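Working notes, beginning with the structure itself.
Small disclaimer: the values here were computed from a predicted structure and weren't measured. Below, chains carry the letters A, B, ... as their sequence lines are ordered, and counting in each starts from 1.
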2 protein chains.
Amino acid sequence: MSGPTRAPTLADVAASAGVSLSTASLTFSGNKPVSATTRERVLAAAAELGYSGPNPLARNLRQGRSGVVGIAVGQLSTAFRDPAALAMLDAVSEVLGAAGLGLLLMSDDDDHARLPLDAVIYDICGRETWAAYADLVARDVPLVVVEGPAWPGSTYIDIEHRVGSAALAEHLHALGHRDVATVTLAASHPQREREAGLRDVFPHARVLGACESDVAAVQSLVAHHLDDRGPVTAIVCQSDVQAAGVVLEARRRGLRVPEDLSVAGFDGVATPWLDLELTTVVQPLADKGHATAEAVLGRIAGADVSDVLLPVALRVGDSTAPA
Amino acid sequence: MSGPTRAPTLADVAASAGVSLSTASLTFSGNKPVSATTRERVLAAAAELGYSGPNPLARNLRQGRSGVVGIAVGQLSTAFRDPAALAMLDAVSEVLGAAGLGLLLMSDDDDHARLPLDAVIYDICGRETWAAYADLVARDVPLVVVEGPAWPGSTYIDIEHRVGSAALAEHLHALGHRDVATVTLAASHPQREREAGLRDVFPHARVLGACESDVAAVQSLVAHHLDDRGPVTAIVCQSDVQAAGVVLEARRRGLRVPEDLSVAGFDGVATPWLDLELTTVVQPLADKGHATAEAVLGRIAGADVSDVLLPVALRVGDSTAPA
DNA sequence: CGTTTCGATCGAATCGATTCGATGCTAGCC
DNA sequence: GGCTAGCATCGAATCGATTCGATCGAAACG
């Protein structure tokens, strides 16, 4: 006969247990000691009423935090197609999860202004403007930028693009390469830095074109360059996925890698479907993710968080050889 | 002199504009008409005070919704390594994003009981129990299960595993194959269905072993089977990624595909780094994602939502040939 | 034995909006 | 002119907790 009764609240539990609302709250939150007998009475009442714990919405309002961190990655499907992005995401999620925070995917155009976010991670390489930025600033949401534009008020996590890129270029130069071309990402901070590193060694390196980190995309980009490829003896890519695309396309066109063409990548991720190990610049993806998440935690806690610049390392594989 | 003044609230704006709190609220929410002059006064006051819109936390509490939908996918890095998962995620995000809902990643072990979720999508093939399930039920959170166990109270989105698998098996049978082996996923509803479909045609098909949808994993799984492979002439996999792994490993061992060994996959995703088109069972990934998201919206709206069963289609590629 | 201290509990204020029902005012109508 | 609608606005209740400060006993102390 008791219609669809609404879900019990903490007040119901408190009443049923014969304690005050505040005591019931303390029982669940543990923020102050509660005697064992009282705790049991409250928990018993909760169990009987089918109370499933404090309403998160109410807690959030009171505490002024939502427990949710946004991560902007552009288009989901393209962003995560590159294993490097996944490794990073994994590390971020690990740290935030341990801190009890959830990770909310922010895709490009959606309007997330209505969602309560405790902080936002911006990890869209290859984009320099962002509609949501002004809004986040207005709402005082801490922003952690990964390899992006150095926006005022945000914390900045980055790697040594230029150093790594230059080291790779020197490796090629030492192998005797003189005519080097590069596949780029969209114009962006990391892209500019990496290109600068390349030009430290090869000032006249040719740009074949820009594309995202996707095997098919890079294949169609370099396809015609490989037919009539002029004097180029090495191609430097901005990700291992791009490099894999170049290797596959080169082979399809009858070129041997590395004998006829040296190919280099960036990131240092596993490419199990390629039968050679790429020469690449290994970046500490897990460290980058951890550093990002730690920065988020710090900013949420209101601490002063300093920017992070992580080192990279050249890894010489089987995809580069003397010119 | 005015210390760190706290962020302005709607009450401040209302006072400054000389209107009531309710009118100010209506100005922002648009739930009831407000005269143009009043609206302008309110907006002007808001601009002057630097008010950046209603606090989402407060709105959420009042409305009893958070605007966030959780999606459980197991380990992030492994879940998204398969492009099929990404395609699905993309479609889900598209629909939910358009509805103003955010998508929160729930990884395995994190405790998300403290987060306010309007609904949860369960998309972990290969798992039959879930610690969070009881909790979600207790909290009355709508649950949409994709290819998972048919849990009471949840909405169920699935594809025709058995039909597709049987169609593929018949294709192999028609090619003259009689000795077929299969690589499986962890024991789960879709795996059982697919295996049943396979055994409809090949009752004695041999199971090589189970592994996740990952090139490297499948390679090490089938490695020794390919050396001394007995009478097997075809291997049926549970994903295109698995199939790609088998193809690569077979070639590494000197077997030609499809001349010496036929290989089939499942999903119908692009494998640009493979130079042949896989024979596979194409599932409508975008439709599946859309249906999932629509089910979520329906459940949140309190509607009766019926389960969805989507069709699949056999696609014959270059990886299967006469035995 | 009087006083201090400490732990457990309680009452009330608070977080910042949304929304129901009531009120006042103007316009339309006969 | 009197009456009814309808629109804009307002006051107050509400969402469901957390948390500050006060209170009350009992234990510890000199």
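Residues satisfying the salt bridge (Lys or Arg N to Asp or Glu O under 4.0 Å) test with B:D90, not counting sequence neighbours, are none.
Using modelled atom types, one finds a donor on one side chain and an acceptor on the other under 3.5 Å when comparing B:S66 with B:D118. Side-chain contact check for A:S35 and A:T38: at least one donor-acceptor pair (N or O, by modelled atom type) lies under 3.5 Å. Under 3.5 Å, the side chains of B:R299 and B:T155 contain a donor-acceptor pair of N or O atoms.
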### Message
Please determine whether side chain to side chain contact (heavy atoms under 4.5 Å, CB included) holds for the pair B:V69 and B:I121, giving the CA-CA distance in whole Å, both sets of side-chain angles, and the decisive distance to 0.1 Å.
### Response
CA-CA 7 Å; B:V69 174; B:I121 298 169; 4.2 Å; yes

### Worked verdict on A:R59 versus A:R65 for side chain to side chain contact (heavy atoms under 4.5 Å, CB included)
CA-CA 8 Å; A:R59 186 209 338 257; A:R65 319 182 318 97; over 6 Å; no

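Within the 4.5 Å cutoff, the side chain of A:L21 has no heavy atoms near those of the A:T23 side chain. Residues A:V120 and A:I71 fail the side-chain proximity criterion, which asks for heavy atoms closer than 4.5 Å. Between B:R39 and B:F28, every side-chain heavy-atom pair lies at or beyond the 4.5 Å cut-off. No side-chain heavy atom of B:V146 sits under 4.5 Å from any side-chain heavy atom of B:D158. Inter-residue side-chain proximity for B:K288 and B:I159 is flagged as met; some heavy-atom pair is nearer than 4.5 Å. Taking the side chain as every heavy atom from C-beta outward, B:Y156 and B:L309 never approach each other to under 4.5 Å.
Using a 4.0 Å cutoff to heavy atoms of chain A, the contacted part of DNA chain C runs 5' to 3' from C:dA8 to C:dG16.
Contacts of residues 7-18 of chain B with DNA chain C (heavy atom under 4.0 Å): B:T9, B:L10. A heavy atom closer than 4.0 Å to some atom of DNA chain C occurs in B:N31, B:K32, these being the qualifying members of residues 31-50 of chain B. Within residues 57-69 of chain B, the residues approached by DNA chain D to less than 4.0 Å at the level of any non-hydrogen atom are B:L61, B:R62, in residue-number order.
The terminal axes of the helix from C:dC1-D:dG30 to C:dC30-D:dG1, fitted over 5 pairs per end, subtend an angle of 30° to the nearest 10°.
Taking the six-membered ring where tryptophan is involved, the planes of B:Y122 and B:W151 are perpendicular, since the angle between them exceeds 60° and thus also 30°.
Ion pairing of A:R192 with A:E128 is present here, as a side-chain N (NZ or NE/NH1/NH2) and a carboxylate O approach within less than 4.0 Å. In summary, A:D12 and A:R6 engage in a salt bridge, as defined by a charged side-chain N under 4.0 Å from a carboxylate O.
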